[in-house]
**Q** 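A single structure is presented below for examination.
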There are 2 protein chains.
Amino acid sequence: MEKEIANRLSDREVRFTKGRQEVIAALVASDGPRSAAELHTIIGNKVPLSSLYRSLAVLEETGVVVPHFATKGLARYELAEWLKGHHHHLVCVDCGAVEDVEVPTMVERRLETIVTEVATTSEFLPFDHALEIEGRCSRCA
Amino acid sequence: MEKEIANRLSDREVRFTKGRQEVIAALVASDGPRSAAELHTIIGNKVPLSSLYRSLAVLEETGVVVPHFATKGLARYELAEWLKGHHHHLVCVDCGAVEDVEVPTMVERRLETIVTEVATTSEFLPFDHALEIEGRCSRCA
DNA sequence: TTCCTTGCAAACGATTTGCATTGGA
DNA sequence: TCCAATGCAAATCGTTTGCAAGGAA
């Protein structure tokens, strides 16, 4: 996976520096989106936050990571769909943790059908959808 | 609708002051969630932002409004479901505007089925769900 | 009077930026 | 060599809070 990312960056003449590699490694190891502060901790406080934000900005512009906003004023980042596959999120209303869920292809198809149906009733051109399931995670239940 | 809100507040011994009424009026007139800054403009810059935030906090605690986070970590508020009904959102990837969509009951049922199916495969107790449809709105298309 | 609410300004946390320095092709 | 990437500190943005003044019960 780091290989595909390296190629993507080099195609766009963007360097895959050490700092950027650490961000990617941290995201690959995560089972859900992570905020800059969380990544900062995971990486071990080596990389200053400002550099982390800069790495995330570059990776976002290159289409490698994508921001996600589910809980109060915090951007969390995750690998783009072409890297980690299409998925949805379980958002804990108590602790704010966000976890990925894979949805079986069959179910995903039904969901796409719904999205199409909903969008045709409005003047809106849909490209994507996100299903956020809110509830309580196993730790908070 | 303002009547139901007034009752809810008085039941909880919370005053329905002029500032709070203006926030509600602005939200009732909107077709999607609105940020504090947007409400500030709609209301006409009369109410200072800090008071607006305080009104929103009280209305949120009383269950009259709910926050929504779709773009750039900006909080946008809308009337709670018991007031405006269950609905979903169309999020424009260009301008960031968020608009409500009503989903026919039949379709909504299918969506609930999907949510239940997805959640049973994980240790997660779902109470609610939000379907965000990302695309381009009629103005940006 | 006694709380609750407001306005203003200052404080806050998350994120961004300017600038001088470092590092890679 | 030369431009991009970094670290640090200061700035910015959205949001929150302390405090003194205003208003309702």
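Each chain gets a letter, A, B and so on, in the order its sequence line appears, and its residues count up from 1. From a predicted model like this one, the values you see are computed outputs, not experimental measurements. Values reported hereafter were calculated over all heavy atoms of this structure, with side chains retained and with hydrogens, waters and symmetry mates removed.
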**Q** Can you check whether A/Ser51 has a side-chain N or O nearer than 4.0 Å to OP1 or OP2 of D/dG7?
**A**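 The answer is yes; a side-chain N or O of A/Ser51 sits under 4.0 Å from OP1 or OP2.
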**Q** What residues from residues 8-22 of chain A pass a heavy-atom cutoff of under 4.0 Å to DNA chain C?
**A**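 A/Arg15, in order of number.
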**Q** What side chain to side chain donor-acceptor pair (under 3.5 Å) pairs are there with at least one residue in residues 111-129 of chain B, not counting sequence neighbours?
**A**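 Side chain to side chain donor-acceptor pair (under 3.5 Å) check on residues 111-129 of chain B returns A/Arg110-B/Glu117, B/His86-B/His129, B/Glu108-B/His129.
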**Q** Which residues, if any, of residues 34-45 of chain B bring a heavy atom under 4.0 Å of DNA chain C?
**A**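 Within this stretch, nothing sits under 4.0 Å of the strand.
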**Q** With sequence neighbours excluded, what pairs up with A/His68 under the ring-ring contact (aromatic ring centres under 6.0 Å, His included) test?
**A**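 Checked A/His68 against ring-ring contact (aromatic ring centres under 6.0 Å, His included); matches are A/His89.
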**Q** Apply salt bridge (Lys or Arg N to Asp or Glu O under 4.0 Å) to A/Glu132 and list each qualifying residue two or more places apart in sequence or on a separate chain.
**A**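 Once residues adjacent in sequence are excluded, A/Glu132 has no partner under the salt bridge (Lys or Arg N to Asp or Glu O under 4.0 Å) criterion.
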**Q** Please output the side-chain donor-acceptor pairs of residues 39-47 of chain A that fall under 3.5 Å, not counting sequence neighbours, one pair per line with the distance.
**A**
{"residue": "A/His40", "atom": "NE2", "partner": "A/Val47", "partner atom": "O", "Å": "3.3"}
{"residue": "A/Thr41", "atom": "OG1", "partner": "A/Ala37", "partner atom": "O", "Å": "3.2"}
{"residue": "A/Lys46", "atom": "NZ", "partner": "A/Glu22", "partner atom": "OE2", "Å": "2.9"}

**Q** Can you tell me how far P of D/dG18 sits from CZ of B/Arg54, to the nearest Å?
**A**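 Going from CZ in B/Arg54 over to P in D/dG18 covers 10 Å.
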**Q** With rounding to the nearest 0.5 angstrom, report the CD1 to CD1 distance, A/Ile114 to B/Ile114.
**A**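 Going from the CD1 atom of A/Ile114 to the CD1 atom of B/Ile114 covers 4.0 Å.
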**Q** Separation of B/Leu52 atom CG from D/dT15 atom P, in whole Å?
**A**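 Taking atom P of D/dT15 as the reference, CG of B/Leu52 is at 11 Å.
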**Q** Test question: given the 4.5 Å side-chain rule for I, L, V, M, F, W and Y, name all other residues clustered with A/Val66, or answer none.
**A**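 Other cluster members: none.
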**Q** Going by the rule salt bridge (Lys or Arg N to Asp or Glu O under 4.0 Å), which residues pair with B/Arg20 if we only count those two or more places apart in sequence or in a different chain?
**A**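 With sequence neighbours excluded, B/Arg20 shows a salt bridge (Lys or Arg N to Asp or Glu O under 4.0 Å) to no residue whatsoever.
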**Q** Nucleotide range of DNA chain C contacted by chain B, 5' to 3', under 4.0 Å to a heavy atom?
**A**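 Both ends considered, the range comes out as C/dC4 to C/dA9.
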**Q** Quick one: CG on B/Leu74 to OG on B/Ser35, what's the gap to the nearest 0.5 Å?
**A**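 Answer rounded to 0.5 Å: 5.0 Å.
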**Q** Base, sugar-phosphate, or nothing: which does A/Ala57 touch, judged by heavy atoms less than 4.0 Å apart?
**A**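 Contact class for A/Ala57: none.
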**Q** Assuming nearest nucleotide by heavy-atom distance, tell me which of B/Ser50 and B/Leu74 is located more 5' along DNA chain D.
**A**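 Result: B/Leu74.
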**Q** Rounded to the Å, how far apart are A/Phe69 CZ and D/dC13 P?
**A**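 These atoms are roughly 17 Å apart.
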**Q** Write out all pairs satisfying side chain to side chain donor-acceptor pair (under 3.5 Å) with one or both partners inside residues 2-13 of chain A, taking only residues at least two apart or from two chains.
**A**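 Output for this query is empty, none listed.
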**Q** Got a list of side-chain donor-acceptor pairs under 3.5 Å for residues 91-98 of chain A, not counting sequence neighbours?
**A**
{"residue": "A/Asp94", "atom": "OD1", "partner": "A/Arg136", "partner atom": "NE", "Å": "3.4"}
{"residue": "A/Asp94", "atom": "OD1", "partner": "A/Arg136", "partner atom": "NH2", "Å": "3.2"}
{"residue": "A/Asp94", "atom": "OD2", "partner": "A/Arg136", "partner atom": "NE", "Å": "2.7"}

**Q** Less than 3.5 Å apart, which donor and acceptor atoms pair up between the side chains of residues 51-63 of chain A and the rest of the protein, not counting sequence neighbours?
**A**
{"residue": "A/Ser55", "atom": "OG", "partner": "A/Ser51", "partner atom": "O", "Å": "3.2"}
{"residue": "A/Thr62", "atom": "OG1", "partner": "A/Val58", "partner atom": "O", "Å": "2.3"}

